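Have a look at the structure below before the remarks.
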Protein chains: 2
Amino acid sequence: MSAVEQPHVLVVEDEPAQREVLAYNLEAEGFAVSRAGNGEEALLQIRENPPDIIVLDWMLPNVSGIEVCRQIKTRAETRDLPVIMLSARSEEVDRVRGLETGADDYVVKPYSVAELMARIRAQLRRTRPAAIGGQLTFEDIVLDGETHRVTRDGKPLKLGPTEFRLLSTFMEKPGRVWNREQLLDRVWGRDIYVDTRTVDVHIGRLRKALRQHGGADPLRTVRGAGYALG
Amino acid sequence: MSAVEQPHVLVVEDEPAQREVLAYNLEAEGFAVSRAGNGEEALLQIRENPPDIIVLDWMLPNVSGIEVCRQIKTRAETRDLPVIMLSARSEEVDRVRGLETGADDYVVKPYSVAELMARIRAQLRRTRPAAIGGQLTFEDIVLDGETHRVTRDGKPLKLGPTEFRLLSTFMEKPGRVWNREQLLDRVWGRDIYVDTRTVDVHIGRLRKALRQHGGADPLRTVRGAGYALG
DNA sequence: CAGCAATATAACAGTTTCATGACATGTCGG
DNA sequence: CCGACATGTCATGAAACTGTTATATTGCTG
């Protein structure tokens with residue numbers, strides 16, 4: 001991670017298990033993480049030690065996430081603080097949208113870690129561009145997280161959303177072997193039921209996409225273990 | 001067939017809620033988790049299906065955590081099993097007593113999951129580096145658990161899943177002699193019936209793979225006992 | 001050195017794992 | 001409502017891997 005200084009994320013989530021999983025993932029990505037288990041705590045922390053971005057669960061005891069968000073966006077000194085809302089169901093997203101709380105982005109549970117990460121980066125890119133490297137590079141492949149574009153040897157590649165997330169996962173740690181479970185968690189999202197063999201199919205599609213202008217297959221199949229880039 | 005890929009953690013905690021939160025978090029991190037609600041169950045599981053590490057609550061009904069730990073550390077065959085003790089008390093006296101029973105680390109409740117995770121990794125890094133994606137080195141052989149790559153004298157070696165696991169086992173304790181039963185347990189997994197002679201065959205295959213670019217055979221046959229690396 | 005037991009190796013057949021194309025379903029914008 | 005695109009599952013065939021057996025070799029004992 002090429003952060004000059006670690007971006008600081010505040011995670012507001014009342015369910016300890018989910019909070020910790022999220023915090024752990026963020027820490028693993030090189031973020032500095034603070035935690036809050038409820039709205040009051042969140043508002044207090046924002047005043048005492050303002051983060052660079054907030055990931056806010058919609059459902060919170062007492063002061064709801066919506067209310068927290070509203071307060072953040074009302075105060076002049078915190079108005080620029082990016083807020084990403086987490087919501088449990090897709091129907092609720094519409095309600096949240098309707099309420100116009102001013103959140104900068106919404107992520108629906110179950111979300112893929114990769115997706116949330118990408119959105120956090122997208123927000124930070126807006127406010128702290130220096131802290132985030134917008135592009136990932138591996139050999140002649142360049143992936144731009146902001147524009148969602150991938151090029152190989154300068155030529156643009158056409159790939160679907162799933163293939164894009166797959167590739168970004170691989171490109172974050174070139175060489176690392178991911179097993180199918182890990183890829184499902186990361187690319188598809190936790191708590192989603194899909195056959196693990198489906199991963200194979202998408203790997204195949206990604207391979208095809210990467211070869212569309214010629215060039216060798218950069219993906220490596222590790223029999224009995226999973227897949228890796230390079 | 002059970003993938004012996006993920007490190008296996010045994011959680012011993014009598015309070016179901018706490019046990020599940022912990023197990024959930026561990027599973028989210030990619031560990032394979034077994035659970036035990038009391039000391040007897042824990043000891044039984046350790047015998048039947050030994051984990052790579054144990055997270056052990058101090059306070060347990062009947063057989064206390066201390067006693068479980070003492071028994072683990074008394075037996076020769078489980079002495080190397082890392083134990084992390086969880087305790088509600090924070091007095092120094094307890095810490096000392098906990099470590100006296102032979103626990104490898106000690107975490108005081110309430111603990112942060114991230115911290116516990118870090119300590120688990122630290123223990124595994126010590127005892128089973130390859131299991132958490134570390135690198136192992138022996139002479140000119142390098143095995144990387146993260147990329148699943150093995151090189152000798154810089155040149156990549158091609159080996160199948162079983163040979164890979166076999167080699168990581170040897171490389172975790174260079175010089176140690178493993179008999180065929182132990183190798184079967186560790187590389188093939190319990191509850192799998194294969195002829196012990198099969199080990200010989202795979203040792204042969206591993207030897208061939210290690211010699212594929214020339215170089216001496218680093219494996220040592222100990223007649224009547226088993227095999228060792230170096 | 002002969003005889004014996006343990007180990008090494010080669011060959012083989014069965015099984016598992018993976019790659020790929022086809023297809024039904026679902027989604028989204030027009 | 002249609003059509004293009006995306007997605008998950010399945011069927012099939014190929015390739016890699018595995019366990020066993022049979023046979024050769026080795027090392028030890030006396």
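Worth saying up front: this structure is predicted, and the values here are computed from it rather than measured. Chain A is the first sequence line, chain B the second, and so forth, proteins listed ahead of strands; every chain is numbered from 1.
Following rounding to the nearest Å, B:Leu219 (CG) and C:dA8 (P) show an atom-to-atom distance of 10 Å. For B:Phe164 and D:dC17, the CZ to P distance is 13 Å, given to the nearest whole Å. A straight line from CD of A:Glu163 to P of D:dT7 spans 6 Å, rounded to a whole angstrom. One interatomic measurement links the two molecules: CG of A:Asp200 to C1' of D:dC10, which rounds to 13 Å at whole-angstrom precision. Rounded to whole Å, atom P of D:dA16 lies 15 Å from atom CG of B:Leu159. Separating the CD1 atom of B:Ile192 from the C1' atom of C:dT15 is a distance of 13 Å, rounded to the nearest angstrom. In this structure, CZ of A:Arg197 is placed 14 Å from C1' of D:dG8, rounded to the nearest angstrom.
With A:Trp178 as the aromatic partner, A:Arg176 meets the cation-pi criteria of under 6.0 angstrom to the ring centre and within 45 degrees of the ring axis.
An OP1 or OP2 oxygen of C:dT17 is reached within less than 4.0 angstrom by no side-chain nitrogen or oxygen of A:Thr221. Here A:Trp188 reaches the OP1 or OP2 of D:dG8: one of its side-chain N or O atoms lies under 4.0 Å away. Within the 4.0 Å cut-off from OP1 or OP2 of D:dA4, not a single side-chain nitrogen or oxygen of A:Lys158 is found.
Taking the charged nitrogens against the carboxylate oxygens, B:Arg197 and B:Asp195 have no contact shorter than 4.0 Å, which rules out a salt bridge. A salt bridge between B:Glu172 and B:Arg126 is absent, with no side-chain N of the basic residue lying under 4.0 Å from a carboxylate O of the acidic one. For B:Arg207 and B:Asp217, the salt-bridge test passes: some basic side-chain N is under 4.0 Å from an acidic carboxylate O. One finds a salt bridge joining B:Glu20 and B:Arg35 here, because a Lys/Arg side-chain nitrogen approaches an Asp/Glu carboxylate oxygen to under 4.0 Å.
In the region residues 202-209 of chain B, proximity to DNA chain C at under 4.0 angstrom, judged on heavy atoms, holds for B:Arg205, B:Arg207. A heavy atom closer than 4.0 Å to some atom of DNA chain C occurs in B:Arg180, these being the qualifying members of residues 167-180 of chain B.
For the side chain to side chain contact (heavy atoms under 4.5 Å, CB included) with A:Leu206, the qualifying choice from A:Arg165, A:Arg211, A:Glu163 is A:Glu163, the only one to do so.
Among the heavy atoms of the strands lying under 4.0 Å from A:Tyr227 are primed sugar atoms or P, OP1, OP2 only; no base atom is included. When heavy atoms are screened at a 4.0 angstrom cut-off, A:Thr198 is found touching base atoms of the nucleic acid.
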Item to complete: Let me see the working for B:Gln135 and B:Asp144 under side chain to side chain donor-acceptor pair (under 3.5 Å), right down to the final yes or no.
Response: CA-CA 4 Å; B:Gln135 276 200 353; B:Asp144 188 311; 3.0 Å; yes
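Comparing D:dT20, D:dA16, D:dT9 by their closest approach to the side chain of A:Arg223 singles out D:dA16. Among the nucleotides D:dT20, D:dT7, D:dT9, the one closest to the side chain of B:Asp195 is D:dT20.
Judged by distance alone, the side chain of B:Asn25 and the main-chain N or O of B:Val21 form a donor-acceptor pair under 3.5 Å.
Ring orientation note: the planes of A:Phe164 and A:His148 are close to parallel, at an angle under 30° on the 30°/60° scale.
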